[in-house]
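A quick write-up on the structure given underneath.
Letters go in sequence order (proteins before strands), and every chain restarts at 1. Remember, it's a predicted structure, so these values are computed and weren't measured experimentally. All heavy atoms count here, side chains included; hydrogens, waters and symmetry mates do not.
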Number of protein chains: 2
Amino acid sequence: MSSSSTARARARAELTQEIVDIARGQLATSGAAGLSLRAVAREMGMVSSALYRYFPSRDDLLTRLIIDGYDAVGEAVERSDAAVDPEDVAGRLVAVCHAVRTWALAHPHEYALLHGSPVPGYSAPQDTVGPAVRDTVVLGRIIGDAWASGRLVLPDGDLPAGSPLADDLDVVREMMPGVPAAVVVRAVALWATLYGMVSFEVFGTLDNVVRERDALFDHTVRGLVAWIGLRADGRGDGVGGAA
Amino acid sequence: MSSSSTARARARAELTQEIVDIARGQLATSGAAGLSLRAVAREMGMVSSALYRYFPSRDDLLTRLIIDGYDAVGEAVERSDAAVDPEDVAGRLVAVCHAVRTWALAHPHEYALLHGSPVPGYSAPQDTVGPAVRDTVVLGRIIGDAWASGRLVLPDGDLPAGSPLADDLDVVREMMPGVPAAVVVRAVALWATLYGMVSFEVFGTLDNVVRERDALFDHTVRGLVAWIGLRADGRGDGVGGAA
DNA sequence: TCCGTGTCAAGAGCACCGCTCTCGCTTCTG
DNA sequence: CAGAAGCGAGAGCGGTGCTCTTGACACGGA
């Protein structure tokens, strides 16, 4: 009918999606390095060379999987943020951290693709940066909201004006306008702890070390949220914390 | 001469070492996934099948590289700890964190091998756990020393007895005997932040975000060392901190 | 309706990979 | 000194990403 959806175009779109789905399935079983165009083609009943009509190289297929992965975790983060009372900034931050961890534990190989060793010859194209920062944008919005609503207390005073960090971190800072540098720096530390902790879990570092990983993660995140300067105001609820 | 060092044995030891060295060189240029036995053999002027006399499989060569990597960072950590006045526990902890980062930035591909995505088919054999925890043992010793010398102040009171974390983390806890659970848990968080931050740097996450990475790292580590409950007693020096 | 154009799957082939096996040769050892 | 063990070279297996050519098919304009 319409010029933009001929039978050919529809078939192409469907096949492209099928390739991505099968590739993601193989990612889950064999990991990123084990992703094989030939294996995908075999599973589709096609010949490997035919796949190059849809993805010019293995790296392009990988890029697609990476973008999809960033979008998946980004959406999970945005949804978990939206599910919490907007006034409860501390609760939102805790929820967002849990969302990242939950998604990562459910999709370990995709997480490894996003936050593990970079693929040697591969460098992420520009298309990936948008999806890649969706989670960080949410972090910035929460901290920004907290500051705007006065629920953020400066930890130990701001950084001294002479500090080299005082004028750095522009990209992060513009996500949370007005927030003092000391808090921005601590937010970055929280982010590093989040991904460090999740990587420890997903990559197996904590395997024979911690049994109660849920409790450890929750306790750590709540502790750091408080360390940033966020108190659970408004509702007494939300960030129960320990003790 | 002596029964244990025939010409053959010496040649074997030297060739084995040469294989490892060339493999490490290729690791630095091509990454772990690009490590090729055939390429190593080519560079040595040998035939690929001959390498199997020295390493039964590519994974065994990888294991050797992993063990060497853990030993290298472990030694760097131990040396940096020993270089600081033993009384200055906060300074020791800061120095150890910097040692990890410095080594990682100098050997990014080896760091990726140790703390990046696990290789799909590969699972680390038991020989690796000893070298793998050398750095963590140093962390434990520092925290233990701090507690024993009374320089560790409990942050907000210990964890409640009923907390599931109170009886967990046995492996970490026995590295720092007597230290209260609340501090142990925070030490784990510090460790996660350290490796999260270093991974951010090595894997390029901070590439267009932070310019003053040295300052950011140092500031973050000092902040978290204080957060654990460590104050710079004894000497006023050592942990200058911000503000 | 028909025909040129563009898209498609398929196949052969290139260079590379990890790994196995066999074959002579050297070296060590009883 | 003779047998055993270690060694490098070579051929070969099945796998990989990727390229190029070929022939069939669907599409859209005349």
Side-chain angles (χ1 to χ4, degrees), chain A residues 1-20 22-23 25-27 29-66 113 119-123 125, chain B residues 1-20 22-23 25-27 29-66 113 119-123 125:
Chain A
M1 286 291 175
S2 93
S3 66
S4 67
S5 98
T6 68
R8 246 218 277 263
R10 273 185 288 108
R12 181 179 181 82
E14 284 177 14
L15 274 181
T16 304
Q17 188 57 49
E18 187 179 346
I19 292 172
V20 172
I22 292 182
Q26 298 203 345
L27 198 72
T29 62
S30 313
L35 176 62
S36 151
L37 285 187
R38 290 180 122 106
V40 173
R42 213 177 300 130
E43 193 169 332
M44 295 181 66
M46 281 172 53
V47 129
S48 70
S49 58
L51 291 195
Y52 287 84
R53 300 269 179 204
Y54 299 89
F55 291 95
S57 77
R58 180 179 177 274
D59 281 3
D60 290 86
L61 178 53
L62 220 63
T63 297
R64 170 65 182 267
L65 291 173
I66 290 175
L113 192 60
V119 181
Y122 175 87
S123 85
Chain B
M1 288 293 174
S2 93
S3 66
S4 66
S5 100
T6 67
R8 215 172 359 222
R10 272 185 290 109
R12 181 178 180 84
E14 283 177 16
L15 275 181
T16 304
Q17 190 57 48
E18 187 179 346
I19 292 172
V20 171
I22 292 181
Q26 298 202 346
L27 198 71
T29 64
S30 313
L35 176 63
S36 149
L37 284 187
R38 288 180 124 107
V40 173
R42 214 177 300 129
E43 196 169 329
M44 295 182 65
M46 283 172 55
V47 129
S48 71
S49 58
L51 290 195
Y52 287 84
R53 300 274 180 200
Y54 300 88
F55 290 95
S57 79
R58 179 180 177 275
D59 282 2
D60 289 87
L61 178 53
L62 222 62
T63 298
R64 169 64 181 267
L65 291 174
I66 290 176
L113 190 61
V119 181
Y122 176 86
S123 86

Taking only N/O atoms, report every protein-nucleotides 19-23 of chain C pair under 3.5 Å with atom names and distance.
{"from": "dC19(C)", "atom 1": "OP2", "to": "Y52(B)", "atom 2": "OH", "distance (Å)": "3.2"}
{"from": "dC19(C)", "atom 1": "OP2", "to": "R58(B)", "atom 2": "N", "distance (Å)": "2.7"}

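Distance L51(B) CG to dG10(D) C1': 14 Å, rounded to the nearest Å. At whole-Å resolution of the value, CG in D60(A) and C1' in dC18(D) are 13 Å apart. In this structure, the CG atom of L61(A) is 14 Å from the P atom of dT16(D), given to the nearest Å. Atoms CD (E43(B)) and P (dC16(C)) sit 15 Å apart, rounded to a whole Å. Computed from coordinates, the I19(A) CD1 to dG17(D) P distance equals 13 Å when rounded to whole Å.
Contact annotation: the side chain of R42(B) approaches that of R38(B) to within less than 4.5 Å [non-hydrogen atoms, C-beta and beyond].
The residue among A39(B) and M46(A) whose nearest nucleotide of DNA chain C is located toward the 5' end is M46(A).
The side chain to side chain contact (heavy atoms under 4.5 Å, CB included) test with L51(A) singles out one residue from L61(A), T16(A), V40(A), and that residue is V40(A).
At the heavy-atom level, L35(B) lies under 4.0 Å from the strands shown only through sugar-phosphate atoms. Counting any heavy atom pair closer than 4.0 Å across all strands shown, A11(A) reaches no nucleic acid atom. When heavy atoms are screened at a 4.0 angstrom cut-off, F55(A) is found touching no nucleic acid atom at all. Contact annotation for L15(A): backbone-only contact, meaning every heavy-atom pair under 4.0 Å involves sugar-phosphate atoms and none involves a base.
Annotation for S36(A) and Q26(A): closest pair O-OE1, 3.8 Å, computed over non-hydrogen atoms.
With hydrogens and angles left out, the side-chain atoms of D60(A) and T63(A) include no donor and acceptor closer than 3.5 Å.
End-to-end axis angle for the helix from dT1(C)-dA30(D) to dG30(C)-dC1(D), using five pairs per end and rounding to 10°, comes out at 10°.
At least one donor-acceptor pair closer than 3.5 Å links the side chain of R12(B) to the backbone N or O of R53(B). A donor-acceptor pair under 3.5 Å is formed between the side chain of R58(B) and the backbone N or O of L35(B). No donor-acceptor pair closer than 3.5 Å links the side chain of S30(B) to the backbone N or O of L27(B).
Note: I19(B) CD1 to L15(B) CG = 6.0 Å, rounded to the nearest 0.5 Å. Put simply, OG on S57(B) and CG on L37(B) are 8.0 Å apart, with the number rounded to the nearest 0.5 Å.
The side chain of S36(B) has dG18(C) as its nearest neighbour among dA9(C), dA10(C), dG18(C).
Considering only side-chain N and O atoms, R42(B) lies under 4.0 angstrom from the phosphate OP1 or OP2 of dC17(C). In terms of phosphate contacts, R12(B) brings a side-chain nitrogen or oxygen within less than 4.0 Å of OP1 or OP2 of dC7(D).
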